[in-house]
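Have a look at the structure below before the remarks.
Order of appearance sets the numbers: ligands from 1, and atoms from 1 within every ligand.
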Amino acid sequence: MNDKWWQSAVVYQVYPRSFADSDGDGIGDLRGIIQHLDHLKELGVDVVWLSPIYASPHDDNGYDISDYQRIDPLFGTLDDFDELLAGLHERGIKLVMDLVVNHTSDEHPWFVESASSADNPKRDWYWWRGPRDGAQPGEHGAEPTNWGSFFSGSAWQLDERTGEYYLHLFSRKQPDLNWENPEVRDAVYEMMNWWLDRGVDGFRMDVVNFLSKDVSLPDGVIPPGALYGDAYPFFAQGPRIHEFLHEMHERVFAGRDDRYLTVGEMPGVDIAEARRFTDPARGELDMVFQFEHVDLDHGPGGKWDHRDASVLDLKRNLAQWQEGLLEVGWNSLYWNNHDQPRVVSRFGDDGEHRVPSAKALGTVLHLMRGTPYVYQGEELGMTNVPFSTIDDFRDIETLNHYAEAVDVLGQPADEVLVALRRTSRDNARTPMQWSDGPNAGFTTGEPWITVNPNFPQVNAAAARADADSVFAHYRALIDLRHRSRLVSSGGFELVLPEHEQIFAYVRELDGAALLVLANLTGRPAAYDVAALPGWESAEVVLASGGTDTTGLTGVLGPWEAVVLQR
Ligand code: NOJ
């Protein structure tokens with residue numbers, strides 16, 4: 001595979017609502033981002049992925065879009081947007097937009113028309129179905145299938161006007177578009193081309209592996225203890241998904257140069273499918289976000305049912321993805337985004353070892369083969385949040401789960417709260433911590449969600465002034481990717497596969513190699529890689545602590561990471 005520009009690139013995700021507020025309304029906005037572009041420049045990232053800024057009722061913080069070609073007034077204007085794009089481009093940073101086309105908002109004019117009658121021309125743009133055979137609309141169990149929504153409750157909502165139900169895999173304000181209808185696809189491609197013509201550099205595609213559904217819409221098997229059937233087999237990697245993504249590629253990207261980036265968010269995708277989606281010869285996507293490594297700490301009951309994931313679990317899984325996409329395809333590398341709790345609280349140590357554990361986790365992620373993504377605040381080692389009561393949460397998924405768990409399933413409220421504190425998406429959504437000033441420098445107003453009380457210690461101003469900070473380490477990792485083809489294009493081989501504390505691997509290219517060794521625990525970890533040939537005279541290219549151990553046998557301190565080159 002010839003080198004692509006994004007092999008040596010690092011992407012930074014901005015969640016606009018929580019990044020920086022310029023007008024004091026407590027909600028982040030485009031001008032707030034413009035004020036902080038130099039932070040991104042200093043970090044050294046190549047691309048910004050902007051979570052949705054389009055017109056939206058904000059049922060799901062902008063992932064429910066009512067107009068794809070307007071900026072929500074909460075965030076600013078199209079002029080602000082153009083200024084942001086120009087400011088990024090001036091700094092050599094590309095801009096990737098969020099493309100949310102599995103569903104629209106129920107307030108999108110397409111849906112408003114679709115819902116207006118059973119025979120309007122847009123009826124078939126969404127998934128409408130009558131009640132189950134023999135049942136009356138609205139009756140318990142009358143929904144067309146037993147599918148549950150990701151945000152609790154049934155995936156079907158009755159529309160009283162026509163007595164039919166529409167499908168919504170997410171909130172009832174996020175009806176699923178019917179991609180079987182070519183008019184829907186045309187409208188989406190037209191909109192994508194409009195943004196690219198305006199100068200944006202690609203798209204991150206929301207749950208894009210859900211676009212093609214099994215049109216017979218079968219019931220799913222109900223897992224023990226669950227309220228709804230498992231419908232994944234009927235909407236994830238559906239029958240026409242590769243056809244749709246190839247068509248999108250042809251209609252939007254094929255006639256353009258290769259400056260663009262496409263990354264598909266794909267819950268539930270496996271390695272074999274990811275290889276197909278990202279095989280350049282197939283003309284679908286550049287890379288995908290897979291979920292296996294961030295699902296390792298989910299128990300049989302799903303995301304709210306915690307189980308411990310070991311270092312072995314983590315490195316085995318990541319290594320499988322590395323190996324699986326070595327010859328064909330490409331990995332996206334991430335620990336965090338706006339849907340995941342903070343990695344330092346999850347797989348690291350947000351107490352005594354916050355800084356070294358953030359560095360160690362960053363090291364193993366950034367030096368793998370793939371394109372790394374940094375989520376705002378990750379470069380500061382931001383942590384989960386000590387939310388006190390349910391009233392502190394804002395996220396629809398979190399609030400709906402709480403209501404269903406407590407009111408429908410009768411689970412004790414305090415136990416449910418423990419799970420929310422650990423796993424809620426709101427952990428990632430509290431304001432970016434810029435300084436130790438009021439509201440962490442995020443807003444002069446009342447922030448829309450609480451600020452993490454650790455901001456006096458954990459903030460960008462402090463991190464940028466400290467040569468040993470997580471920020472400094474992330475800068476060094478990004479710089480190393482830019483400078484070293486070993487990092488951007490080398491192979492991957494797991495080393496010490498049975499070691500229970502150390503994640504170690506070799507990246508090799510044309511006879512040169514990097515050896516990455518990281519202790520992912522708070523206990524000292526002895527290692528011995530003396531059997532690896534050719535490492536006798538290696539030099540240290542990066543170390544997370546003060547150590548410059550070059551020994552092939554030795555002990556790594558708690559959360560210590562070392563990178564050697566030969
Ligand atoms: C995935 C997005 O990342 C998430 O935030 C959103 O709630 C769902 N898709 C629905 O758009």
Starting from [atom], which protein heavy atom do you reach first, and at what distance in Å?
atom	answer
atom 7 (O) of ligand 1	Asp60 OD2, 2.5 Å
atom 2 (C) of ligand 1	Asp206 OD1, 3.0 Å
atom 8 (C) of ligand 1	Phe170 CE2, 3.7 Å
atom 3 (O) of ligand 1	Asp339 OD2, 2.5 Å

**Request:** Flag the pair His39 / Phe471 as yes when their ring centroid distance falls below 6.0 Å, and as no otherwise.
**Result:** yes
**Message:** Taking the ring centre of each residue, are Tyr334 and Tyr375 less than 6.0 Å apart?
**Reply:** no
Is [X] touching ligand 1 with its side chain, its backbone, both, or neither, if touching means heavy atoms under 4.0 Å apart?
X	answer
Phe151	side chain
Met205	neither
Gln340	neither
Glu397	neither

**Request:** Would you check if there is a donor-acceptor pair between the side chains of Thr77 and Asp80 at a distance under 3.5 Å?
**Result:** yes
**Prompt:** Does a donor on one side chain sit under 3.5 Å from an acceptor on the other, for Thr443 and Asp21?
**Reply:** yes
**Message:** Between Arg346 and Asp297, does any NZ, NE, NH1 or NH2 come within less than 4.0 Å of an OD or OE carboxylate oxygen?
**Reply:**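 Yes, Asp297 and Arg346 are salt-bridged.
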**Message:** Quick test of your reading of the model: are Glu183 and Lys122 salt-bridged, counting only N-O distances below 4.0 Å?
**Reply:**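 Salt bridge between Glu183 and Lys122, a charged N being under 4.0 Å from a carboxylate O: no.
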**Request:** Spell out, as yes or no, whether a donor-acceptor pair under 3.5 Å connects the side chain of Ser345 to the backbone of Asn384.
**Result:**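 Indeed, once roles are kept as given, a pair shorter than 3.5 Å links the two residues.
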For ligand 1, which atoms, with element, lie under 4.0 Å from some heavy atom of [X]?
X	result
His103	10 (C), 11 (O)
Arg425	4 (C), 5 (O), 6 (C), 7 (O)
Arg429	5 (O)

**Message:** Tyr126 and side chain to side chain donor-acceptor pair (under 3.5 Å): which single residue from Asn178, Thr104, Asp106, Asn181 fits?
**Reply:** Thr104
